[in-house]
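Please read the structure below before turning to the comments.
Proteins come first, then strands; the chains are lettered A, B, ... in the order of their sequence lines, and each starts at number 1. Keep in mind it's a predicted model, so treat the numbers as computed, not measured. Just so it is clear, the values below take in all heavy atoms, side chains as well, and ignore hydrogens, waters and symmetry mates.
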Amino acid sequence: MNIEKTIQNHISAALKAEFDVEENNISLQPTRKDFEGSYTFVVFPYIKALRKSPVELGNAIGNYLVAHSGVVSGFNVVQGFLNLSIADAAWIDLFAGIFKDKNFGQLPDKQEVVMVEYSSPNTNKPLHLGHLRNNFLGFSVAQILAANGYKVIKTNLVNDRGIHICKSMLAYQKFGNGETPESAGLKGDHLVGKYYVEFDKHYKAEVKALEATGLSEEDAKKQAPLLIEAQEMLLKWENNDAETVALWKKMNEWVFAGFGQTYQKMGVSFDKMYRESETYLLGKKFVEEGLQSGVFFQKEDNSVWIDLTDEGLDQKLVLRKDGTSVYITQDIGTAELKYNDFKMSKSVYVVGNEQDYHFEVLFKIIKKLGRPYSEGNYHLSYGMVDLPSGKMKSREGTVVDADDLMQEMTDTARERTMELGKTEGFTETEANELYDTLAMGALKYFLLKVDPKKRMLFNPEESIDFQGHTGPFIQYTHARICSILRKAHEQGIIGKTTDYPILQESERDVIYLLSQYPQVLADAGKEFSPALISFYVYDLAKAYNRFYNEVNIFNEPDKNAQQFRVAFSGLVGETINKAMALLGIKVPSRM
RNA sequence: GGUUCCGUAGCUCAGUUGGAUAGAGCAACAGAUUUCUAAUCUGUGGGUCACAGGUUCGAAUCCUGUCGGGAUCACCA
């Protein structure tokens, strides 16, 4: 039985019976802690039309609910707020209903395919902190949508071509001396990243030298020999030059091997990988067709553009004058390919908010081209991750490397666990698994608890915190519950949901939270917001911990109460497990 | 400069369509363990919700303006 629905229906009925008012959209809110009651109905909106005082109206509805609803046991009216107390029997009934429902937390099948594209790395440098937010978000959103009843396809569009790759390749060619990941003792992505930095160093030196000869900064940047070489290399690549392609393939393989390891540690996965090198030609084809049909136009230098001034935007380049494709060219091609593969009705792009403009343009172009996937495109635009020292800049070396960070977190988890002396009874493998679980739990929770749309600050000291509003706090609560269930099992206590005499305040709070789970899940799916789940599961863990401190299970003389509390703890543990899984976070049974 | 997002406690963040005395965590201070895991729990202090107007029974929330910050406006991806 859903208490909320029951009350809403009876308020509607009360308004109809007592005042002849049709109102089917009744909104309830949880009662503030300082007042008695569980649910509150605000009567203000109705007093004017009914010409009643708030107290009169509140009393009338309150009395009606006590008499008819079967769940409201009492009420009080403060100003315009009708606070309703719920009978224990109704809470227990609610709990029993959830306990029985094996599919609790899985919403009905929507018969709809949704694609979530995330990660989308460049193959010229290793992943960093910003990518962590992206990957955790993307994976979590995919889990949340699946729990909402969608068929979800996770994809990763790898930007494996373009001028940036050529920069790494060129620098490797010039300064690499045949180095390999094995010979350098580096992960492949880190090795390639090293040469990207190398390129930038030499390029800057060239620019400086040119400026010294009297060139303007702008001209110097365009005329630096290294950049020109890189541009030539891109042209050669697009013309399938054998040597260039061979080098490109070799370096890409290094990077993919490195990324694979990182993804595994992050605990993310994909159903399908797309490579920009496989989609840009299709994009070019659409540009040509669009040029014929007049969606695009060509300038004198042969570059191709779209005019979006009628939409309040600018003109945007879609093909360079040398015929090579740009970022958006391949995105047009990729969109087509993805749709052909999966015929999805919604497509979510998890990409940073610095690309808001890019996606606005992309979606408009798709519409102008009249593609069948013109609708349902959504840019999940998340804010940057800042450091206390300011913005991360890969070229200036102020990035936090993803691999390093995850390793540090694991080290910290190990230290912390040992300090607390909690490793007893663990094999070495189990212990290492635990450190990993805790480390990733802390990191993921830290990055996911903030509203995705907002930029956030990454404070290294706070992120490794294991107390308070953190992943490990929730994991700890789960481990505690498992401990109780183990003991109950040993003592042969079976959970049940009937014959429970009097509920504690903290038990009511927990049951209320449990009942909210489907709604929170639906909201999180609608908003694409793992943060909603994060806050929910934290609240649940906190409420359970309060119960844990106030109430004892195994010393409880009343066997009915004991059995109820075992069932109760089990359900909280399961719900924590489910909610954390939506965030991509594992929960240990001991810690 | 145009567009756009943001400004809530010392710090990091919540605050669902406008609802009561604006909430958590961290940090500070004071407590709780003969009993199921103290990575826990309880309590105290801490606020001009950037500022000024407006809308109304009622505004952190909606509207206008001002100030401050970010992103973007590339033949980079």
request  = Go along nucleotides 6-13 of chain B 5' to 3' and tag each nucleotide: B for a protein heavy atom under 4.0 Å from its base, S when only backbone or sugar atoms are that close, - otherwise.
outcome  = -----SSS

message = If you only use heavy atoms from C-beta on, which nucleotide in C41(B), C36(B), A39(B) is closest to the side chain of Y476(A)?
response = A39(B)

request  = Report yes or no: is there a donor-acceptor pair, N or O only, under 3.5 Å between the side chain of T40(A) and the base of A20(B)?
outcome  = yes

inquiry  = Would you say the rings of F44(A) and F81(A) are close, in the sense that their centroids are separated by under 6.0 Å?
reply    = yes

Is_stacked (F44(A), G58(B)) at 5.5 Å, 30 deg = no

request  = Among U37(B), A20(B), A77(B), find the nucleotide with the atom closest to the side chain of Q355(A).
outcome  = A77(B)

key: U44(B) versus U3(B) - spacing of their C1' atoms, nearest Å   = 48 Å

Y39(A) ring center within less than 6.0 Å of Y512(A) ring center = yes

query = Centres of the Y538(A) and Y445(A) rings: under 6.0 Å?
reply = no

ask   = Taking the six-membered ring for Trp, is the centroid-to-centroid distance between F363(A) and H379(A) below 6.0 Å?
value = no

request  = Select from Q519(A) and V326(A) the residue whose nearest nucleotide in RNA chain B is closer to the 5' end of that strand.
outcome  = Q519(A)

message = Taking atom types as they are modelled, would you say the side chain of D314(A) forms a donor-acceptor pair with the base of A74(B) within the 3.5 Å cutoff?
response = no

key: Pairing pattern in dot-bracket form [Watson-Crick, G-U; both distances under 3.5 Å; | = partner strand] for RNA chain B   = (((((((..((((.....[...)))).(((((.......))))).....(((((..]....))))))))))))....

ask   = Does A39(B) have F473(A) stacked on its base, where the ring centres are within less than 5.5 Å and the planes differ by under 30°?
value = no

